[in-house]
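Here, residue 1 is the first one in the sequence, and each next residue gets the next number. All values below come from the heavy atoms of this structure, side chains included, with hydrogens, waters and symmetry mates left out. Just so you know, these numbers come straight off a predicted model, no measurement behind them.
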Amino acid sequence: MLIINNYEDYKSYEGKELGVSNWHLIDQQQINKFADATLDHQWIHTDEERAQKEGPFKSTIAHGYLTLSLIPYLWKQIAEVRNVKMEINYGIENFKFGVAVTVNSEVQLSAKVKTVLNLRGTVKVIIQATLNINDSAKPAYVGDVIFLYHFND
């Protein structure tokens with residue numbers, strides 16, 4: 001776990017891989033709860049029997065947005081940003097989904113700091129996020145996450 005206390009700490013990691021999170025199991029219960037929360041009950045996510053018989057993956061799959069929603073949770077296993085008044089999830093860019101995440105897969109986030117900018121006291125950080133799937137050569141996705149930080153003086 002990396003500890004980042006200020007802009008200078010962050011800047012020292014620019015262009016570097018920060019590390020990986022723990023593995024996280026995505027089970028059917030999590031998929032179903034996400035479907036309920038987002039009102040997205042497409043059968044490929046929630047109907048285990050139909051997905052096994054008719055689906056291209058022979059099982060249910062996690063929603064792409066479910067896997068994206070794991071970024072804050074998994075990111076906090078890689079780095080702890082301290083001395084912050086406020087942290088804002090500012091945006092996501094250039095995300096490409098490579099492989100579907102089938103039910104009961106384990107996923108792990110890897111993070112690389114692409115850029116760190118000090119915008120008159122607001123620190124803008126672009127992290128390249130890659131969601132790896134255990135036992136898969138291809139990642140579930142790769143893309144950029146943008147955070148804004150307001151550090152304490």
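Side-chain N or O atoms of K58 include none that pairs as donor or acceptor with a backbone N or O of E54 at under 3.5 Å. Distance alone, capped at 3.5 Å, is enough to place a donor-acceptor pair between the Q77 side chain and the N22 backbone. Here the side chain of S12 pairs a donor or acceptor atom with the backbone of D9 at under 3.5 angstrom. Side-chain atoms of Y141 come within 3.5 Å of backbone atoms of T67 as a donor-acceptor pair (strictly under, hydrogens ignored).
Distance check, rounded to the nearest 0.5 Å: CD1 of I146 to CD1 of I92 gives 9.0 Å. M1 contributes atom CE, which lies 6.0 Å from atom CD1 of I3 (distance to the nearest 0.5 angstrom). Here the CD-CD1 distance, from Q108 to I133, works out to 11.5 Å after rounding to the nearest 0.5 Å. Here S59 contributes atom OG and Q52 contributes atom CD; the two are 8.0 Å apart, rounded to the nearest 0.5 Å. With rounding to the nearest 0.5 angstrom, the CG atom of L109 is 9.0 Å from the CG atom of L70. The CZ atom of R82 sits 12.0 Å away from atom CG of N6, with the distance rounded to the nearest 0.5 Å.
Residues N118 and G121 come closest through the heavy atom pair OD1-N, 2.9 Å. The two residues I31 and L66 have their closest heavy-atom pair at CA-CD1, 3.8 Å. Minimum heavy-atom separation, D27 to V103: C-CG2, 3.8 Å. Of all non-hydrogen atoms in G19 and I78, the two that sit nearest each other are O-CD1, 3.9 Å. Between V113 and Y13, the closest heavy-atom pair is CB-O, 3.5 Å. Closest approach of F151 and N5 over heavy atoms only: CD2-O, 3.5 Å.
Side-chain atoms of V20 and S110, non-hydrogen and from C-beta on, do get closer than 4.5 Å to each other. Contact of the N134 side chain with the W23 side chain is registered, since non-hydrogen atoms from C-beta on lie closer than 4.5 Å. Two residues are said to be in side-chain contact when any heavy atoms from C-beta on lie closer than 4.5 Å; T60 and D47 fail this criterion.
Screening residues 95-105 for side-chain hydrogen bond (donor to acceptor under 3.5 Å, both in side chains) gives T102-S105 as the qualifying pairs, with residues at least two apart or on separate chains.
D36 and H41 share a donor-acceptor pair across their side chains, judged by distance under 3.5 Å alone. Between the side chains of N152 and N83, at least one donor N or O lies within less than 3.5 Å of an accepting N or O.
Both L18 and V116 belong to a common hydrophobic cluster when Ile, Leu, Val, Met, Phe, Trp and Tyr are linked at side-chain heavy-atom distances under 4.5 angstrom. Taking hydrophobic clusters as Ile, Leu, Val, Met, Phe, Trp and Tyr residues chained together by side-chain heavy-atom distances below 4.5 Å, V125 does not share a cluster with Y90. Hydrophobic clustering (ILVMFWY, side-chain heavy atoms < 4.5 Å, transitive): V101 and Y73 are in one cluster. Side-chain heavy atoms closer than 4.5 Å link hydrophobic residues (I, L, V, M, F, W, Y) into clusters, and following such links, possibly through other members, connects I71 to Y65. Hydrophobic cluster membership differs between I61 and V99, with clusters built from Ile, Leu, Val, Met, Phe, Trp and Tyr side chains linked at under 4.5 angstrom.
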*Take E48 and Q28 through the test side-chain contact (heavy atoms from CB on, under 4.5 Å) and record every step on the way to the result.*
CA-CA 9 Å; E48 296 173 77; Q28 192 62 50; 3.6 Å; yes
*H63 and D40: side-chain contact (heavy atoms from CB on, under 4.5 Å), yes or no, with the steps?*
CA-CA 9 Å; H63 304 72; D40 181 358; 3.3 Å; yes
*asked:* Apply side-chain contact (heavy atoms from CB on, under 4.5 Å) to residues N132 and V107 and explain how you reach the verdict.
replied: CA-CA 5 Å; N132 299 302; V107 295; over 6 Å; no
_Apply side-chain contact (heavy atoms from CB on, under 4.5 Å) to residues I127 and K112 and explain how you reach the verdict._
CA-CA 6 Å; I127 304 287; K112 176 183 179 179; 6.0 Å; no
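With respect to K11 and E14, a salt bridge is recorded, a charged nitrogen being found less than 4.0 Å from a carboxylate O. A salt bridge does not link E80 with K76: none of the charged nitrogens is closer than 4.0 Å to a carboxylate oxygen.
The aromatic ring centroids of Y10 and Y149 lie less than 6.0 Å from each other. Here H45 and F34 keep their ring centres 6.0 angstrom or further from each other.
Environment of CZ in F97: crowded, with over 12 heavy atoms of neighbouring residues, nucleotides or ligands closer than 6.0 Å.
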